[in-house]
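Below, each value reflects all heavy atoms present in this structure, side chains not excepted, and no hydrogens, waters or symmetry copies. Just so it is clear, the structure is predicted and the values come from calculations on it, not from any experiment. Labels below follow one simple rule: chain letters A, B, ... track the order of the sequence lines, proteins then strands, and each chain is numbered from 1.
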Amino acid sequence: MLDSVSSEPSPLLTGLNEQQREAVLTTDGPVLILAGAGSGKTRVIIHRLAYLVREKGVPARALLAVTFTNKAAGEMKERAEKLLGGALESWICTFHSFCVRLLRRYAVEAGIEPGFMIWDADDQLEAVKQALRALALPEKLYPPRRLLSDISAAKNSGRPPRGEEGSPWQETLGLVAERYQQQLTASRALDFDDLLLKAARLLEKDERVRTLLRERFRYVLVDEYQDTNRVQYDLVRHLVGPEGNITVVGDEDQSIYSWRGADINNILDFERDFPAARVLRLEENYRSSQAILDAAGALVAHNRQRKGKTLRATKQGGDPVRVHQAGDEFQEASWVVAQVARARGERAAVLYRMNAQSRLFEEALMRQGIPYSVVGGVGFYERREVKDLLAYLRLVLNPDDSMALRRVVNVPARGIGERTVEHLQQLAAERGVSLWLALQQADDQDLLPARAALPLRRFRELVLQLQKEAAALTVKGLLERALHLTGYAAALAQDDSHESQDRLENLAELLSAAADFDAREEAPSLAGFLDRVSLLSETDLVRGDAPVVLMTLHSAKGLEFDSIYLVGLEEGLVPHSRSHGSREALEEERRLCYVGMTRARQRLSLTWARNRRVFGQRRPSEPSRFLFEVPRAEMVVSADDDYGAPEPARPPRRRFEREPEVVVAPAAAELDELRPGVRVRHPLFGEGTVLQSEGAGLEKKLTVTFRGVGAKRLVARYAALEVI
DNA sequence: AACCTGGTTATTTTT
DNA sequence: TAACCAGGTT
């Protein structure tokens, strides 16, 4: 296997270090590549794919690479195609999309409906609530979210709950899980966990399919192996078989998804599971400065659950890691934003433990007129109007999807009340059919509640009409038709509130997303569109253009920035209070912190606030223990000026959207000067020229071009512009 | 069926 | 604190 190295060095190997070359060339049998943060992992993977195709003559369609995010898959595919100079026929996709493709293709063998819908987290939660209602169990005693997470945990471990266990909770869990699953079945739908579970079962049970797939996929690669759960592990094992070529790439120090069922032992025990395994390490780091690596390395060295590796920096020196202690969370945000404003032109990220922390940073950035983007939070596809429209599309494809039906049966309002829906629901439960079928039967047998009969019939006809038209339409065309036929657009247009305006804009964006899909996809279909939307993740939608990005530590995995601000490093937050007590959980928190630190190329700042509002109450905080695990010599410590002073009185908080606080804005006299052609200075973008301006006063909207940054649209009120 | 209100409740992290 | 829900009112 190594003979091609000596005979003639492949051009695919140039620019790779010794370890990377070996990782590219070691293609056969089980291989574990331990890839440290910033060690050029993706590069190795794409060179490996190219090497297999070009040098070893393996047909591209025999290669399968599985990742966790669409973004990673997309990037991998794109770069591999660029390297090979042509379209690549390999499957490079996420675990979930791989399963969907498999299940759509082998639905019969898997024993599921070919046209299944995918339920999202909202649908799942709603289904659990329904189950509780049907069982006459109070939500207070049985929190739906906890039930759902237990159901999901059970599915991810490969053993769906049964109600046989002893404890009352387990018994209830079993009952609820059973009802929950019934609803999925009646709706011809699968939840996220089912996608993996059914695919794994299919491979386990059906020898023909298994053989077929093993023959097809002769080289399988799994990225981020440290984040695989039990079911994913089973899936991979069935897919590969004892003689297969399996390569897994991962880093045990970056395993941060145990709460979603990921099992760090999958990577730690790889050599036990595959005794013939070759283990290769990538320990040369091309991303971060020496100072950053030393600090991060010292931190993670406190973990016991690891194979252990030492990253070597290729960049020497660099700024020391900064630790800043702020008086409170407001000052923490101001400090960070001041630092960001000072370092023009570099890309920075603020990383926090939980989404709720983003707001203060958003407000501070907005006040300074610094453009930013937030990853996560309320995503585009989670907005009500978007989900409503998508629900109509789901009904077109599968009217039995009861969650979709429930969602829009009275949206926009058409006189179908809660009681009517409940009545139908009961009917459906009695007969063990979907809501749609119950509706149909009730209509045919004149069982509909008198007052709602007409609107219900019209709703039914509406769905049928959309179904009839769907075949001849593009996805965008169908969306437009749905907007019109349902009266959704009209209802929004009639109401001229700011909110409705926003919604219409979002729907317009949905239309353009659909148009984009129609144009780009080879064979665009409604099913394909819905699948893609369901499998989209938060980080897939990261906009890369903003100079500052705000996100959780979890979503930062796999990304890199010039500057990293790791904020809220306090006991109870990082490590999170829920992780106190168990060593495993604490180690995961430490890894989370490690992941955050190793995102930084040039500068790393760690901040904490001496007191912070928690549960709406101000409480003093302790610095995170992780701060003490980084050697003092690596750090420069600073503090707010009023460190130790009594807590200053704060004006009552005001919602920024309603009443913007002008902190730094052009002086009033300068507002009129902001005309096209005028030179201005921005704290972040540097000097630029006004290209265009519309409106007047603080509401004035400006288009300004900055050197090296391009044109930016700014609102005068927020823009910290200075006329020069 | 939409709106209001007061009380309760919660905070990880998300493919 | 603020988001959410159940229950009541219009």
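Nearest nucleotide to the A:Glu139 side chain, out of C:dA6, B:dT13, B:dA10: C:dA6. Comparing atom distances between the A:Arg359 side chain and each of B:dT13, C:dA3, B:dT11 picks out C:dA3 as nearest. The listed nucleotides are B:dA10, B:dT14, C:dT1; the one nearest the side chain of A:Phe615 is B:dA10. With B:dA2, B:dT13, C:dA3 as the choices, the nucleotide that has an atom nearest any side-chain atom of A:Ala413 turns out to be B:dA2.
An OP1 or OP2 oxygen of B:dT13 is reached within less than 4.0 angstrom by no side-chain nitrogen or oxygen of A:Ser555. Contact between the side-chain N/O atoms of A:Thr552 and the OP1/OP2 oxygens of B:dT14 is found at a separation under 4.0 Å. Here A:Arg145 reaches the OP1 or OP2 of B:dT11: one of its side-chain N or O atoms lies under 4.0 Å away. For the pair A:Asn410 and B:dA1, the criterion of a side-chain N or O lying under 4.0 Å from OP1 or OP2 is met.
Contacts of A:Lys129 with the nucleic acid, taken as non-hydrogen atoms under 4.0 Å apart, involve only primed sugar atoms and P, OP1 or OP2.
Note: CG (A:Leu536) to P (B:dT14) measures 15 Å, nearest angstrom. Between A:Glu587 atom CD and B:dT13 atom P the separation is 22 Å, expressed in whole Å. With rounding to whole Å, A:Tyr257 atom OH is found 11 Å from B:dT13 atom P. Atoms CE (A:Met354) and P (B:dA10) sit 15 Å apart, rounded to a whole Å. The nearest whole Å value for the distance from the CD atom in A:Gln617 to the P atom in B:dT11 is 17 Å. One can place CZ of A:Arg618 at 13 Å from P of C:dA2, the figure rounded to the nearest angstrom. If you take CG of A:Leu535 and P of B:dT14, they are 17 Å apart, rounded to a whole angstrom. A:Phe192 has its CZ atom 9 Å from the C1' atom of B:dT14, to the nearest Å.
Screening A:Arg583, A:Glu588, A:Glu584, A:Arg590 against A:Asn303 for a side chain to side chain donor-acceptor pair (under 3.5 Å) leaves a single residue, A:Arg590. Checked options A:Glu329, A:Glu570, A:Glu622, A:Glu571; the residue passing with A:Arg612 is A:Glu570 (criterion: salt bridge (Lys or Arg N to Asp or Glu O under 4.0 Å)).
Nearest-nucleotide positions on DNA chain B for A:Glu588 and A:Arg146 put A:Arg146 closer to the 5' end. With DNA chain B read from its 5' end, the first of the two nearest nucleotides for A:Ile416 and A:Val614 is the one closest to A:Ile416.
Counting heavy atoms of neighbouring residues, nucleotides and ligands inside a 6.0 Å radius, atom CD of A:Glu78 does not exceed 12 of them. Environment of CZ in A:Arg419: sparse, with no more than 12 heavy atoms of neighbouring residues, nucleotides or ligands closer than 6.0 Å.
Between the side chains of A:Glu252 and A:Gln254, no donor-acceptor pair of N or O atoms lies under 3.5 Å.
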